Protein chains: 2
Amino acid sequence: MVLDPSAQLNDVFHALAHPARREILRRLFDGEQNLSELSAPLKMSFPAASKHVRVLEKAKLVRRRIEGRSHLCRIDAKPLGKANDWLEGYRRLWEESFQRLDAVLEEMKAQEKKHGRRR
Amino acid sequence: MVLDPSAQLNDVFHALAHPARREILRRLFDGEQNLSELSAPLKMSFPAASKHVRVLEKAKLVRRRIEGRSHLCRIDAKPLGKANDWLEGYRRLWEESFQRLDAVLEEMKAQEKKHGRRR
DNA sequence: GGTATATTAAACCATATGGTTTTAGATCCG
DNA sequence: CGGATCTAAAACCATATGGTTTAATATACC
C-alpha cells in the first residue's frame, strides 16, 4: 500500500516543522475544535489555517468529523509514536551529550569549592 | 539572539523530514564521515547530498571539521533531545491509543478462546 | 608545474510551501 | 425565502525545496 515505508515519517516530521501546526496540535490536545476555533488565534487568514490542518491530516495527526457546517478536528497522536520510535535510536547519543555537560558543570562546581568563588 | 524560540525546533523537524537526511544521520551515528563518503550511497548527485548536509548543519544536528580537502562530518544529537522534549508532552496520548489497540487485540483473543478459531 | 580529488558556487529548472484575496457551496436560522 | 456562518476552492504571488549540470577553488600528490 505504502510505497516508501518512510513516507509516513516524512509527513509527520514535515507536519511538525511549522510552529502554527504545532500550536494547532497543542490546542487539540485539550479536545476537539472546529476549523474556525482553530484558526482564530493564528495570525493568518482562515484559508491558510485550513491548509495547515490539511497538512496535519495528511500526516494522520488530525482526524476530521463533519457535523453540519462545523468540521470538528481531533488529534490522533499515534504517528507521534512513530516519530518517537525513530528518535529513540539516538537517545543514547543525546543523553551522553547531556552527561558530558553535567560533568563539566560538576567540574566547575568542584573548582568553586576548592578555590572559593571568584570575581 | 534567537527571535523565535521555536525556530530551532522548526529546523530540526524540517531536517528530519527528508529520508536522505535521516539516512545521513543514521550513518553518522557510527562515526565521522566526509562528504564524499556520505554522498556515495545516496541516489543523487554530490551537490545535492552536500545541500542536505547543510540543512542538517543549520539544524545543528551535524558539525563539520575541515581537514585538508576533506570535510569531516560528525553527528550532534542534542537537538534531537529538543525534538524529543516536544514529543514528550504527547506521550500519554499516543500510549493511550496503543493501549486501546491492545485492549481490542485482547478482546479478539478472548473471543477466539471462547468460541474456537473460525474459517 | 601538472593532474587528480574534494568541495563549493552558480545557474537553472520543476514543484512545493505558505501566504493572500476572491468566489462558490453548504448549512443553520429567523 | 433570505441572510448569516462555516468551509472549500480557485487564482494568484513570492519564496523555498530538491534536484540537475557546469564552472571555480582549494588541497594533495607525483
Side-chain angles (χ1 to χ4, degrees), chain A residues 3-4 6-28 31-75, chain B residues 3-4 6-28 31-75:
Chain A
L3 292 177
D4 180 358
S6 75
Q8 317 153 24
L9 215 43
N10 299 347
D11 288 343
V12 173
F13 281 131
H14 172 245
L16 298 182
H18 196 293
R21 293 192 289 260
R22 291 198 302 275
E23 190 186 334
I24 290 173
L25 280 187
R26 184 177 56 72
R27 303 226 314 283
L28 287 181
E32 267 186 348
Q33 289 193 26
N34 68 23
L35 287 184
S36 295
E37 293 166 327
L38 282 176
S39 106
L42 299 177
K43 290 184 201 64
M44 63 182 70
S45 66
F46 177 89
S50 174
K51 285 186 194 176
H52 282 300
V53 172
R54 285 197 181 281
V55 171
L56 291 166
E57 283 184 283
K58 193 185 173 211
K60 303 197 187 298
L61 285 163
V62 162
R63 288 197 320 266
R64 178 189 305 231
R65 195 181 88 235
I66 300 176
E67 197 153 289
R69 54 187 167 172
S70 176
H71 290 211
L72 289 154
C73 296
R74 164 182 304 216
I75 193 172
Chain B
L3 292 177
D4 180 0
S6 75
Q8 316 152 28
L9 216 43
N10 300 348
D11 289 343
V12 173
F13 281 130
H14 172 245
L16 299 181
H18 195 292
R21 293 193 287 261
R22 290 198 302 275
E23 190 186 334
I24 291 174
L25 280 187
R26 183 177 57 71
R27 304 226 314 282
L28 288 180
E32 265 188 348
Q33 288 194 27
N34 68 23
L35 286 183
S36 296
E37 293 167 327
L38 282 176
S39 106
L42 299 177
K43 290 184 201 65
M44 64 183 71
S45 66
F46 178 88
S50 174
K51 285 184 196 176
H52 282 300
V53 172
R54 285 196 182 283
V55 172
L56 290 166
E57 283 185 284
K58 193 186 173 210
K60 302 198 188 298
L61 286 164
V62 162
R63 288 195 322 265
R64 179 189 305 232
R65 193 180 89 235
I66 300 177
E67 198 154 288
R69 54 187 165 168
S70 176
H71 290 210
L72 290 155
C73 296
R74 164 182 304 215
I75 193 172

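So that the names make sense, note that chain A is the first sequence line, chain B the second, and so on, each numbered from 1. Everything numeric here is computed off the predicted structure, so don't read it as measured data. Because only heavy atoms are used, hydrogens play no part in the values below, and waters and symmetry mates are left out as well, while side chains stay in.
Near DNA chain C, meaning a heavy atom under 4.0 Å from it, residues 58-67 of chain A has no residue at all.
Atom CG in L38(B) sits about 13 Å away from atom C1' in dT7(C), given to the nearest Å.
Contact check for V62(A) versus L25(A): side-chain heavy atoms found under the 4.5 Å cut-off. Residues S50(A) and H71(A) are not in side-chain contact: their nearest non-hydrogen atoms beyond the backbone lie 4.5 Å or more apart. Between R22(A) and N10(B) there is a side-chain heavy-atom pair separated by less than 4.5 Å. Side-chain atoms of N34(A) and E37(A), non-hydrogen and from C-beta on, do get closer than 4.5 Å to each other.
L16(B) and F13(A) get closest at one heavy-atom pair: O-CD1, 3.3 Å.
For R74(B), the side-chain hydrogen bond (donor to acceptor under 3.5 Å, both in side chains) test picks out E32(B), with sequence neighbours left out. Applying the side-chain hydrogen bond (donor to acceptor under 3.5 Å, both in side chains) rule to R54(A) yields no partners; only residues at least two apart in sequence or on another chain are considered. Under the ring-ring contact (aromatic ring centres under 6.0 Å, His included) criterion, H18(A) pairs with H52(A), sequence neighbours left out.
A donor-acceptor pair under 3.5 Å is formed between the side chain of R27(B) and the backbone N or O of L38(B).
OP1 or OP2 of dT7(C) sits under 4.0 Å from a side-chain N or O of S36(B). Between dA6(C) and S70(B), no contact under 4.0 Å exists linking OP1 or OP2 to a side-chain N or O. Residue H71(A) places at least one side-chain N or O under 4.0 Å from the OP1 or OP2 atom of dA8(D).
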Are there any protein N/O atoms within less than 3.5 Å of an N/O atom in nucleotides 3-5 of chain D, and if so, which ones and at what distance?
from: dT5(D); atom 1: O4'; to: R69(A); atom 2: NH1; distance (Å): 3.2
from: dT5(D); atom 1: O2; to: R69(A); atom 2: NH1; distance (Å): 3.0

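Once rounded to the nearest 0.5 Å, the distance linking NZ of K58(A) with CG of L56(A) reads 12.0 Å.
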Note to self: Please encode protein proximity along nucleotides 15-22 of chain C as a string of B, S and -, counting only heavy-atom distances under 4.0 Å.
What the structure shows: --SSBBB-

